[in-house]
Amino acid sequence: MARRLEEEEGEQDDSRVIAYFDVDCFYAQAEVLRRPYLQDRPVGVTQKFLVVTCNYVARRLGVPKMAPIDEAKRRCPDLVLINGEDLTPYRAASKIIMQVLSRFGTLERRGLDEAALDITEEVRKRFSSSINVNTFQGHLVGNVTGNAPDILSSAEASPAESETSGKVEISQSREALENRCLSLAHTASTSAEVLRRQGDFLLMVGSHLVAEMREAVEKETGYRCSSGIAHNKLLAKLACSLNKPNKQTCILPSAADNFLRPLSVRKIPGVGQRMEGTLKEMGIGIVEDMQRVSVQQLCGKFGHRVGQFLYNACRGIDPTPVVDKGHAKSLSVEDSVRNCTSLHQAKDIIQSLAPDLLARLDEDKLETGRRPQAFVVKWRVQGNWMLEHKESVLWCEL
Ligand code: TTP
Ligand code: MG
């Protein structure tokens, strides 16, 4: 059993180039783009009593994301607040941003302002044609040192360095990198084997392409985003959040373990507050602690799927492919309410949500020709927060 589980972690394919994109302060950026005079002012976007996000001017003045409005105003009295409860403009912006990105590779949407892209094919094309080695851009996790021929194989950060000097501005080592790239490009053009083994180098070329993609997004849509580049989705997502806003970071496979080990388990995508608590009870606070736990223990505690995911994730392993899931299978609208104890109140809530849903169904029909088959109402009750639902097949066309 143990053997089978560990085998499931799969072969690490270091030859992929995965880019992860996250739009900077998305809703706030959308609002500022519509009102350029707010460019240099602190701006927060509100939903109910929360500032769900704010621009980086506001963040520098001490306003965090998801702050209660009172608290945000206390920290930054000049904060300009804009109501962001109508998501229509954000959905529209998301669509055009994703359209630009999808020109460069297979795109998997991960929410309104995030996407993972497999850009391996485009990188390989550039790799075997001409590469402008003078235009490396972004940050690099990995200690780029040594003589030119050894640069990529020695790109490791010690645990102590991983948070600081481990993030090396590529430009600092430009001369050495250029030498290495030139020699590799020369060899690789004649040998597919060299190309396959030089995953690090593919990521470097990927960095170059990602800079171009971010530039295309900004030029064509106005939006700035940050990006991560790595050989899998997990590492690319983690890299993406390392240097924000409007920056990109590449994690080399050889540096991944040292980078991951000191991180809080909470940094692993999918580990929420509840799982963090359970892991704490097991004596697991950071990724390094998790690496010491067997796959059987993790599967015993969290079930096979999640246990196996955690076992892989803490080793920087993520064999999952980037999948273009196409149009969403369902459309939903939701809201949280303080008080809903009667059928009458429930009807009012559904009526207030319906116009947005109907507008989106019409838009979806124009794009895909689909009409909905079923209508589902889901709700959570304060206290146990368990999701309950009732489903009904639609008897008429909406
Ligand atoms: P995020 O990408 O988490 O945040 P952000 O884009 O505002 O900022 P960052 O630069 O750190 O990426 O979320 C995207 C948008 O989703 C955000 O602008 C507002 C919205 N949002 C909510 O409405 N509620 C939430 O709980 C979160 C996390 C985000
Ligand atoms: Mg974002």
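In listed order, ligands and their atoms are each counted from 1. Here the structure is a predicted model, which is why all the values come from computation and not from measurement.
- At the shortest separation from atom 4 (O) of ligand 1 among protein heavy atoms lies Lys65 NZ, 3.2 Å.
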Exercise for the section: Apply side chain to side chain contact (heavy atoms under 4.5 Å, CB included) to the pair Ile119 and Met213, showing each step before the final yes or no. Expected result: CA-CA 11 Å; Ile119 53 170; Met213 293 165 77; 4.0 Å; yes
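- Taking backbone and side-chain atoms together, Asp113 has an N/O/S atom less than 2.8 Å away from the Mg ion (ligand 2).
- A heavy-atom separation below 4.0 Å is not found between Tyr90 and ligand 1.
- In the candidate list Glu31, Arg59, Gln29, Lys244, Arg59 is nearest to atom 8 (O) of ligand 1, counting heavy atoms.
- In this structure, CD1 on Ile284 lies 9.5 Å from NZ on Lys301, to the nearest 0.5 angstrom.
- Side-chain contact annotation: Arg109 with Ser102, donor-acceptor N/O pair under 3.5 Å absent.
- Here's the thing with Met66: none of its N/O atoms is less than 3.5 angstrom from an N/O atom of ligand 1.
- Counting protein heavy atoms only, atom 2 (O) of ligand 1 is closest to Asp113 OD2, 3.0 Å.
- In this structure, Cys25 has a heavy atom closer than 4.0 Å to ligand 1.
- Each of the following atoms of ligand 1 lies closer than 4.0 Å to a heavy atom of Tyr56: 9 (P), 10 (O), 11 (O).
- For ligand 1, the atoms sitting less than 4.0 Å from at least one non-hydrogen atom of Asp22 are 2 (O), 12 (O), numbered in the order shown with element in parentheses.
- Summary of contacts: the protein heavy atom closest to atom 15 (C) of ligand 1 is Tyr27 CE1, 3.9 Å.
- In summary, Phe26 places no N/O/S atom under 2.8 Å from the Mg ion (ligand 2), failing the contact criterion.
- In this structure, a donor-acceptor pair under 3.5 Å is present between the side chains of Gln291 and Asp257.
- Distance check for Glu114 against the Mg ion (ligand 2): none of its N/O/S atoms falls below 2.8 Å.
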